[in-house]
Amino acid sequence: MDDNPAVHQEMVTTSEEQSQPNPVGCNKNRRLLLVVFSFSLFAAALGLGVYSHLQKTADPWTSQWKSAAPPCLSPACIRTSEHFSAAMDPFSHPCDYFLFACGTGGSSTSDQRHRVRRISDEDNGELDKKREVRMRRETDIQGNSDGWLIKFPDRKTALLKTIKEILEAPEEGVSMSAAEQKAKKYFKTCMDAESPEKVGSKPFLTLLQQLGGWAVSNGWNQTDFNTTLALLMSQYSTFPFFSVYVGSDPDEEQAASDQHYIQIDEPHFQFPIDWNSKTQKSKASTRYLRPFYMSCGQYLDLLGVPSSETTQHCGLYVSLSTTLALATAPLHYRLSQKLLYHRITIQELQTLAPGIDWLACLNAIFQPLPISQSDLVLVHNLRYIMHMSQTISKWQVQHEMMGTGPLHTYMIFSLLHTLIPALDSRFFQTMRNFSIVTGDTEEEMPRWLRCLEQTERGFDTVLSHAIRERHAQKEAEELVHDVYSSLKKKLTDLVWRDDRSSAFILNKMKCLNPRLSTKTNNLSHAELNHLYAEVVLSEEDFFSNYLQILVLEQKSRSRLLSHGTQTDGLSITPSISGNNIIFPVGMFVSPFFHSSYPRALNYGTLGSLMAKDLLHLLLPDIQTKANNPELESMCIWSHYLSVTEDPGRVGTFSLSPSEQQEVWVQYSALQVALDAYKMSFTRHPEDSSLSDLSYIHLFLSSYTKVTCDADSYHEFMPFEPSFLVTVLCSNSHFCPKPLTCVNKSQSYPREMCQSRTLH
Ligand SMILES: *[C@@H]1O[C@H](CO)[C@@H](O)[C@H](O)[C@H]1NC(C)=O
Ligand SMILES: *[C@@H]1O[C@H](CO)[C@@H](O)[C@H](O)[C@H]1NC(C)=O
Ligand SMILES: *[C@@H]1O[C@H](CO)[C@@H](O)[C@H](O)[C@H]1NC(C)=O
Ligand SMILES: *[C@@H]1O[C@H](CO)[C@@H](O)[C@H](O)[C@H]1NC(C)=O
Ligand SMILES: *[C@@H]1O[C@H](CO)[C@@H](O)[C@H](O)[C@H]1NC(C)=O
């Protein structure tokens, strides 16, 4: 286990008494030091002698934080200890570890570093194919590594793996709720690739009959347009002409309420749409129309429709699709034209877009909640909605006589797309072939990931409950609490431009209530079972299971509107909801967190990530109102230049505002996480460790490791964030040994740093 004897030795030889001069005055801001480091000797030197002395003798932290700790031998610790090695240890090569701490080591740094960066970057997106490709690449890197570059996965990947483990775990009876058994059963039937193949297109055709048939194959019952639309949206999560979801209004004063609104948006179209920025018009890309038409014919073929019907019906389908697409607009345009979040009552909407029976549709979607004419909805492109309504009315009149029912056919095609995951693989291949034609180069998602996504759509409440039960217990609550308190302390201590700004942000911090997830994952097993009581899953009939997932989605939309409680499901970053800062349970998965890990590890990894997320969340307020970000980041930057560049070049580059901001955020996050760990340690003065590292040493190594592997803000950093450990060490006595490089001429730009930070 001790693969790093050198470090170990240093640990033994560098003990308490080391008194390292402060070579660079980054944090000469005394108020900051007093609060954040009040327990240190530094504070004593600054005139808080008595206080600090008492602290020092009484405080278990001060007397123990450099000691070696008993090893953690839990299975989780043994699994994670492979992540910790000499390569990630800031103290094993103090001269330039931060230049390649994230790479392969040695001098050829940039290639590997960039590769690793790109992969671990964007982990905030939706579940999508990209992630899968990324995971695969990551596995490659792990596979190729020579044993000491075992990367942390990105946070989303770690969460997905955790959920997969939960779903695949053998059923051990008693403690599991019936709802959880259903989730596992769903996943299992989904993973069974055989069953949809056996039945072919039959389940879809049966469903089609139940819905009154369609004009494409004889026997359409001329079903009412509005009735069918309401049915598809409410029972089958299918939104052919416009999409409907629930969310808050960002323009509303945050603390005002948890108010959630019905939101109405453009639908998702199956083909690429070109935006002409000169004429500001959208148009379906002409070169893909032929393949789109062809794929329509292939679907009809799979459904057993005679090819004689294809020309007419697919022609109408393509024509209606492209007509609707004309009024869509890309997000950036809608944003610049303020077309988003348009508030309007349902009654007004009915007047502007009379082609749809809005009240009936929304009532169906959100049953059993009553929706009334005077309710407000938020519309994200009213022009599209009006155009869509006109198109529908026009087509309805034009085609009524001919009985071709293009509106109805269009809706059934939408339904078919929703149901493709539950149909046999020829449907999927047809869809896939078309998306390849349109330039989609992503690899196919593995089956388990698709199944996991489906399970999550229906059983989000169950899964977030299960993660909470297994992974985010007391230790997680404490981490949240400590990081949040420590962050408050840090903010109290900033130098604000004026009193009003500081009062504003501090008050905001005080009002916000940090919570480990929402009400929905605090349900009892009985409540949870009740929520899923109506779900009856079949061993063989995956199609019917999938339909139930769609109904569950409708229920959770409706719950969201009535209670405003979103299950955070696959979320991995904190968010503000009303008066709460919600820390989703998805954050608390290994290797970032485990209740059996040494706390030094939990606070160094997840604690610092959390602090970073929170600072980013609050940054818009801090950035404009406090002086520190700019001053501190400039000082850190000159420190960096002084140890990496020729002395003559110091100060030649400056940082962009976003880099300044990020440097400050990352350094503050390190301080906040360390302070939080200290709080925790003072409360329970014992902890375990890994690889024989002392508490503080493990904390700093964990921080280095996680910023290298799983930092989503990496691209805004002008240097490796692990350099911040150097800065911390040169400004405090925290480090197990000095992080100064003896054989480098380090000429710090002392004056500049001091004068700037002392403002
Ligand atoms: C279609 O209409 C016929 C005649 O009215 C009726 O017998 C049949 O049940 C209807 N089919 C559906 C699916 O509603
Ligand atoms: C849908 O219902 C609305 C309101 O009743 C009506 O104005 C509209 O014509 C109907 N749409 C179609 C296509 O029948
Ligand atoms: C998809 O494309 C592949 C390769 O071009 C072809 O072999 C296959 O038959 C196509 N599948 C369908 C369902 O169209
Ligand atoms: C969760 O439930 C427990 C017991 O029912 C309660 O004490 C606790 O306050 C609840 N937590 C949240 C966040 O609602
Ligand atoms: C510092 O000295 C060590 C040992 O003599 C050497 O290996 C290392 O390359 C030197 N570093 C620099 C930056 O000169």
Side-chain angles (χ1 to χ4, degrees), residues 127 163 166-168 171 176-211 228 230-239 244-246 364-369 411-412 414-424 427-428 447-466 520 523 525-562 567 569-570:
L127 256 182
I163 296 178
I166 290 175
L167 290 171
E168 286 176 339
E171 311 210 353
M176 206 191 341
S177 62
E180 199 178 315
Q181 273 165 2
K182 287 176 185 173
K184 293 174 73 154
K185 186 163 176 184
Y186 181 84
F187 185 72
K188 191 158 162 281
T189 57
C190 178
M191 290 298 285
D192 176 10
E194 289 292 295
S195 81
E197 303 303 324
K198 276 186 273 184
V199 288
S201 54
K202 218 181 319 150
F204 184 76
L205 293 172
T206 310
L207 177 63
L208 188 54
Q209 276 314 308
Q210 287 163 6
L211 296 174
T228 309
L231 186 66
L232 295 192
M233 295 199 289
S234 61
Q235 296 300 296
Y236 300 97
S237 262
T238 298
F239 298 87
V244 178
Y245 47 87
V246 176
I365 298 174
F366 294 103
Q367 63 190 321
L369 287 186
M411 291 193 281
I412 298 296
S414 291
L415 178 63
L416 178 66
H417 267 104
T418 307
L419 297 177
I420 279 178
L423 296 174
D424 78 68
F427 288 92
F428 183 78
R447 187 167 192 93
W448 72 263
L449 196 51
R450 276 188 277 149
C451 288
L452 195 148
E453 226 182 80
Q454 288 171 23
T455 314
E456 204 272 335
R457 277 168 71 186
F459 293 94
D460 53 349
T461 310
V462 178
L463 293 179
S464 101
H465 189 271
T520 47
L523 300 174
H525 280 185
E527 290 167 311
L528 201 57
N529 291 343
H530 180 68
L531 217 47
Y532 290 87
E534 283 163 26
V535 179
V536 180
L537 296 174
S538 148
E539 292 286 351
E540 290 92 38
D541 188 0
F542 177 63
F543 189 79
S544 98
N545 292 354
Y546 187 76
L547 293 185
Q548 295 188 65
I549 291 285
L550 302 181
V551 174
L552 286 174
E553 258 188 329
Q554 182 275 329
K555 288 191 174 157
S556 100
R557 254 193 298 274
S558 169
R559 270 202 305 276
L560 179 56
L561 187 62
S562 62
T567 30
L570 290 179

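Numbers here are sequence positions counted from 1. None of these values were measured; they are calculated from a predicted model.
The SG atom of Cys451 sits 10.0 Å away from atom CG of Leu167, with the distance rounded to the nearest 0.5 Å. Going from atom SG of Cys190 over to atom CZ of Arg450 covers 8.0 Å, rounded to the nearest 0.5 Å. Atoms CG and CE, on Leu232 and Met411 in that order, are 6.0 Å from each other to the nearest 0.5 Å. Between Ser464 atom OG and Glu456 atom CD the span is 9.0 Å, to the nearest 0.5 Å. To the nearest 0.5 Å, the span separating CG on Leu452 from CE on Met191 amounts to 9.5 Å. Rounding to the nearest 0.5 Å gives a distance of 10.5 Å between OG of Ser177 and CG of Leu531.
When all heavy atoms of Leu552 and Gly458 are compared, the closest pair comes out as CD1-O, 3.6 Å. Contact detail for Asp460 and Ser556: the closest heavy-atom pair is OD2-OG, 4.2 Å. Shown here for Pro196 and Asp192, the closest heavy-atom pair between the two residues is CD-O, 3.9 Å. Scanning both residues, Asp424 and Glu197, for their nearest heavy atoms gives CB-OE1, 3.7 Å. Residues Tyr546 and Arg457 come closest through the heavy atom pair OH-NH1, 3.4 Å.
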For Lys555 and Glu534, run side-chain contact (heavy atoms from CB on, under 4.5 Å): C-alpha distance rounded to whole Å, both residues' side-chain angles, the deciding distance at 0.1 Å, then the answer. CA-CA 11 Å; Lys555 288 191 174 157; Glu534 283 163 26; 2.9 Å; yes
Go through Leu547 and Leu419 one step at a time and tell me if the side-chain contact (heavy atoms from CB on, under 4.5 Å) criterion holds. CA-CA 8 Å; Leu547 293 185; Leu419 297 177; 3.6 Å; yes
Would Met233 and Thr238 satisfy side-chain contact (heavy atoms from CB on, under 4.5 Å), going step by step from the backbone distance to the final call? CA-CA 5 Å; Met233 295 199 289; Thr238 298; over 6 Å; no
Would you check, one step at a time, whether the test side-chain contact (heavy atoms from CB on, under 4.5 Å) holds for Asp541 with Thr189? CA-CA 8 Å; Asp541 188 0; Thr189 57; over 6 Å; no
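A cation-pi geometry, defined here as NZ or CZ lying under 6.0 Å from the six-membered ring centre and within 45° of its normal, does not hold between Arg559 and Phe366.
Counting only residues at least two apart or in different chains, ring pair (Phe, Tyr, Trp, His ring centres under 6.0 Å) contacts with residues 186-209 comprise Tyr186-Phe542.
Thr206 places a side-chain N or O within 3.5 Å of a backbone atom of Lys202 that can act as its donor or acceptor partner. Remark: the backbone N or O of Leu523 is paired with a side-chain donor or acceptor of His465 at under 3.5 angstrom. At least one donor-acceptor pair under 3.5 Å links the side chain of Gln548 to the backbone N or O of Val536. Side-chain atoms of Glu180 never come within 3.5 Å of backbone atoms of His525 as a donor-acceptor pair (strictly under, hydrogens ignored). Asn529 places a side-chain N or O within 3.5 Å of a backbone atom of Ala178 that can act as its donor or acceptor partner. A donor-acceptor pair under 3.5 Å is absent between the side-chain atoms of Gln454 and the main chain of Ile549, judged by distance alone. Judged by distance alone, with hydrogens and angles left aside, the side-chain atoms of Lys182 form a donor-acceptor pair with the main-chain N or O of Val535 at under 3.5 Å. Using a distance-only test at 3.5 Å, with no hydrogens or angles considered, no donor-acceptor pair links the side chain of Thr461 to the main chain of Phe459. Using a distance-only test at 3.5 Å, with no hydrogens or angles considered, no donor-acceptor pair links the side chain of Arg557 to the main chain of Ser234.
Inter-residue side-chain proximity for Leu423 and Phe543 is flagged as met; some heavy-atom pair is nearer than 4.5 Å. With a 4.5 Å cut-off on side-chain heavy atoms, Thr418 and Tyr236 do not count as touching. Leu415 is not listed as a side-chain neighbour of Leu208, based on a closest heavy-atom distance of 4.5 Å or more.
Applying the 6.0 Å contact sphere to NZ of Lys188 captures no more than 12 heavy atoms from other residues, nucleotides or ligands.
Partners of Glu540 under the salt bridge (Lys or Arg N to Asp or Glu O under 4.0 Å) rule, at least two apart in sequence or in another chain, do not exist in this structure.
A side-chain donor from one of Ser237 and Glu553 sits under 3.5 Å from a side-chain acceptor of the other.
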